[in-house]
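Notes follow once the structure below has been shown.
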Amino acid sequence: MRSHLMFVAALLLPGIVLQAETAAERWYFVGAGRLVGARTANGVVPVTSDVRVFRPGWLGYASLGTWSVKKSKPEPDPAQGIRKWISESELEPGRLITIEETAVEQGDGALDLNVNVIVPKEVPVQAAHFVVELPVSMYQGGQVRFVADNGEASCVFPDAVPKEPRFLSSNLVKRVVMQAPANGPCVEVVFPVARQVVIQDGRYWGGTVYTMYTPVSSNVQGFSALQTKLACSWEPDRRPVTLRLGGAAGKTCFDGMGGNFCFALDSPVTEQTVRQLEPAWARVEMKADEWEPDNDDPNAANIDWPRFEAVDKPGSQVRRCLEFGARLQQLHVPMCLSIWYLPEWLYRDPGRGKEVHGRVVNRDKWPELAECVISYIQYAARKYGWEPALFSFNESDHGVRVKFTSDEYRDAMRFLARQFHDAGVKTRLLLGDTTRPGALVEYVRPALLDRDVTAWAGAIGFHSWGGATVEEYHQIRQLADDLKLPLLVSETGFDSSAWQTPWVFESWYYAQADLRRIQELLIHTRPQGTMYWEYTADYSLFKKTMKNGALEPTQRFWFMKQYLLTPRPARFLDATSDRDDVLCVAFEAVDAGRAGEIVLHVANFGATRSVRLTGLPSGMSRMGRYRTGPDESLRDREPVLVSRGASEFDLPEQTLTTLLGKTD
């Protein structure tokens, strides 16, 4: 066990402050003031709030969603229990409404929420609603109850989609109680005066939530206000958990976790993250729009090297990216080179602007596109000594920013594969690189029927945004097995729009959401590698504040640091849990020098409970234990004892516990 202690000590390098983040807040907000969850004794309850101002005829609305908010001034102060947002949302082009929201956490755990809506008189609107949404998957079969001065009314959250989506309404409601079945969570909304409330089933319109809404005010124009109090409770489930360790889970080996290095490279955060987290994989951006802003030569077969030499000038983004690739090469980190932006002259519709989504490459310019990519790869290899293992277009299924249909993607990959081969470029194709997990299989299907494409494929990959069902994850794993190709999660993360409100990266809610997403990915897809979005100052794993010149990590950082306890490479082991809110992933070392080493990462998203772990090797007598939670960071705890292949220990609420053992 001494070797484990020495290994953990070696993980902690100078330059960071060892300070745990306390999770004082109980109510979690993102963006411009959208409530997304409430912390209870049994974990985080998904409960969402919003303010929606509808256009006449109910034809769309402005809200607190990031897609709608044009400007927001957050004033978060979780330590004092007070948060405030002043946001301008676009109702229609050029017409803005103002939403002010103040949230105050009370000593009893309740939340006072005050909402002001300011609509200019010249802006016509239908209505302004305060909305609370609950997931159907959790509340289906539960009960919703209206409490008024003259009595109560209640009904069951419907199992099937009702013919009339608005299944409960009243004009005299002072309190709404929404109770999930089977001792699930309970959410209460209390109003100081009786008001109209409607409950509707969002599945009627293809959604996945039950929605409670109430008018902010009967007077839509000008200033309107709403006061409400929210409470959330969930009795802790302290039933013991049974974990079972099995044999090897397929033939996949896990190289380890890595990161994306695309934006905000020139920051102390980037260097510190590389040093601290030792990426096993890296994804870097090819700044194609800066590499070849104008066509270097009308003949794609001719490469004007002096012109490209001139682009690589000191202080340029191109130089910075090329030098950073060389730095990763020195660390022996395999890289995927990805394109977000292309020069305008390659597009079918040049001149629309860099940030426009869904840009389509002019098919007549594909030879020039290939020359642009190949010249960059060859230049990086010749002058900086590195060549990417893989190449991809970022999220081309969705068009961020380059877009291909599935058939166009097949054709483009075939063309690039042939061009790479003829140019002697060793870089292979990362197929997919899709926006979300569920899009991967169908998007790459035509390409996988093309022999030229599959012959030059080096891996398949996807981004984790939005998550997926277990079935979708298993389909991805099966696809990789059928193709005998490595599977990479080329962007790992929880919320792709969180960059717009970076203060959420310090929240315990976001850390927990990240952790759950990572555990699900490891358990259900068993990738060869993951690349976190990002290992730079963009989506930083460190806080903005600095103490004595040292960076202060968030708890997201400590989760990633704790995963470094996994041997590299490692083989996935089967590991099962009999509780949905306890997720366990297990590995065994592959290298002969670490034979017999086993690591388990156990994430508990619920209440504190006891665990019985079985299936351990008979020759193991104890396991080291390390833990990260809301108030501790990679803390060394007492080892757990193992007897006859089994062990019993406690799992504190909302923690990641890592166990390390080796046969005696």
Side-chain angles (χ1 to χ4, degrees), residues 60 65-68 70 90 93 260 262-263 283-293 336-366 368-370 372-373 376 390-417 429-448 450 453 457 459-468 472 476 488-500 531 533-534 538-539:
T66 53
W67 57 269
S68 179
K70 295 303 178 183
E90 190 171 53
N260 278 265
C262 301
F263 308 123
R283 184 164 168 260
V284 296
E285 182 190 9
M286 176 187 168
K287 295 190 178 296
D289 57 327
E290 298 182 31
W291 176 246
E292 194 175 2
C336 173
L337 180 70
S338 296
I339 283 180
W340 274 255
Y341 304 98
L342 286 173
E344 287 291 319
W345 60 271
L346 281 174
Y347 291 128
R348 182 186 297 169
D349 52 352
R352 293 182 61 201
K354 180 175 179 176
E355 299 300 334
V356 175
H357 283 56
R359 305 300 297 277
V360 178
V361 181
N362 188 335
R363 190 178 282 255
D364 292 340
K365 297 288 181 65
W366 282 11
E368 294 288 356
L369 170 63
C372 180
V373 176
Y376 186 90
L390 300 167
F391 170 80
S392 74
F393 288 97
N394 176 70
E395 298 180 349
S396 58
D397 62 310
H398 193 64
V400 187
R401 307 292 184 208
V402 182
K403 183 175 178 59
F404 296 106
T405 66
S406 293
D407 289 340
E408 289 170 341
Y409 184 74
R410 173 201 60 214
D411 296 344
M413 293 303 101
R414 181 201 303 126
F415 185 83
L416 286 176
L429 302 174
L430 174 66
L431 297 181
D433 210 14
T434 53
T435 312
R436 56 187 181 85
L440 174 66
V441 175
E442 288 303 314
Y443 185 65
V444 301
R445 191 180 300 280
L448 298 179
D450 189 292
V453 175
I460 58 174
F462 66 92
H463 300 176
S464 69
W465 309 118
E472 287 173 325
I476 293 172
L488 299 173
V489 186
S490 42
E491 286 186 16
T492 302
F494 170 63
D495 183 358
S496 62
S497 64
W499 60 273
Q500 299 177 74
M531 286 167 268
W533 185 266
E534 291 198 62
D538 179 45
Y539 280 68

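What you see below is based on every heavy atom in this structure, not just the backbone, and it leaves out hydrogens, waters and symmetry mates. Every value quoted in this text rests on a predicted model; they were computed, and no experiment measured them.
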Notebook entry, point to check: Excluding sequence neighbours, so at least two apart, what forms ring-ring contact (aromatic ring centres under 6.0 Å, His included) with Tyr409?
Noted result: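 Tyr409: ring-ring contact (aromatic ring centres under 6.0 Å, His included) contacts with Tyr443.
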Margin query: So, using ring-ring contact (aromatic ring centres under 6.0 Å, His included) as the criterion, who are the partners of Tyr376 when residues are at least two apart?
Written below: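 Tyr376 satisfies ring-ring contact (aromatic ring centres under 6.0 Å, His included) with Trp291 once adjacent residues are dropped.
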Classify the side-chain pair [X]/[Y] by whether it contains a donor and acceptor separated by less than 3.5 Å.
{"X": "Ser392", "Y": "Ser338", "answer": "yes"}
{"X": "Trp340", "Y": "Glu285", "answer": "no"}
{"X": "Asp433", "Y": "Ser490", "answer": "yes"}

Note to self: Tell me whether the count of non-hydrogen atoms from other residues, nucleotides or ligands lying under 6.0 Å of CH2 in Trp499 goes above 12.
What the structure shows: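 Counting neighbours around CH2 of Trp499, 12 or fewer heavy atoms of other residues, nucleotides or ligands fall under 6.0 Å, so no.
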Notebook entry, point to check: Hey, what do you get for NZ (Lys354) to CG (Asp289), rounding to the nearest 0.5 Å?
Noted result: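 Rounded to the nearest 0.5 Å, the NZ-CG separation comes to 4.5 Å.
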Notebook entry, point to check: Can a salt bridge be assigned to the pair Glu344 and Arg359 using a cut-off of 4.0 Å between side-chain N and carboxylate O?
Noted result: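 A salt bridge links Glu344 with Arg359.
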Margin query: So that I can tick it off, tell me whether Asp450 and Arg414 are bridged by a salt bridge, with the cut-off set at under 4.0 angstrom between side-chain N and carboxylate O.
Written below: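 So Arg414 pairs with Asp450 through a salt bridge.
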Check: Looking at Met286, Glu491, Arg401, which one forms a side-chain contact (heavy atoms from CB on, under 4.5 Å) with Asn394?
Finding: Glu491
Next item on the list: For residues Trp345 and Glu368, determine if any side-chain heavy atom of one lies less than 4.5 Å from a side-chain heavy atom of the other.
Entry: yes
Next item on the list: Let me see the working for Arg283 and Glu534 under salt bridge (charged side-chain N to carboxylate O under 4.0 Å, His left out), right down to the final yes or no.
Entry: CA-CA 9 Å; Arg283 184 164 168 260; Glu534 291 198 62; over 6 Å; no
Next item on the list: Report the C-alpha separation of Val361 and Leu342 in whole Å, then their side-chain angles, then the decisive distance to 0.1 Å, and conclude whether the side chain to side chain contact (heavy atoms under 4.5 Å, CB included) test is met.
Entry: CA-CA 9 Å; Val361 181; Leu342 286 173; 3.5 Å; yes
Next item on the list: Indicate the ring-plane relationship of His398 and His357, choosing parallel, tilted or perpendicular according to the 30° and 60° boundaries.
Entry: perpendicular
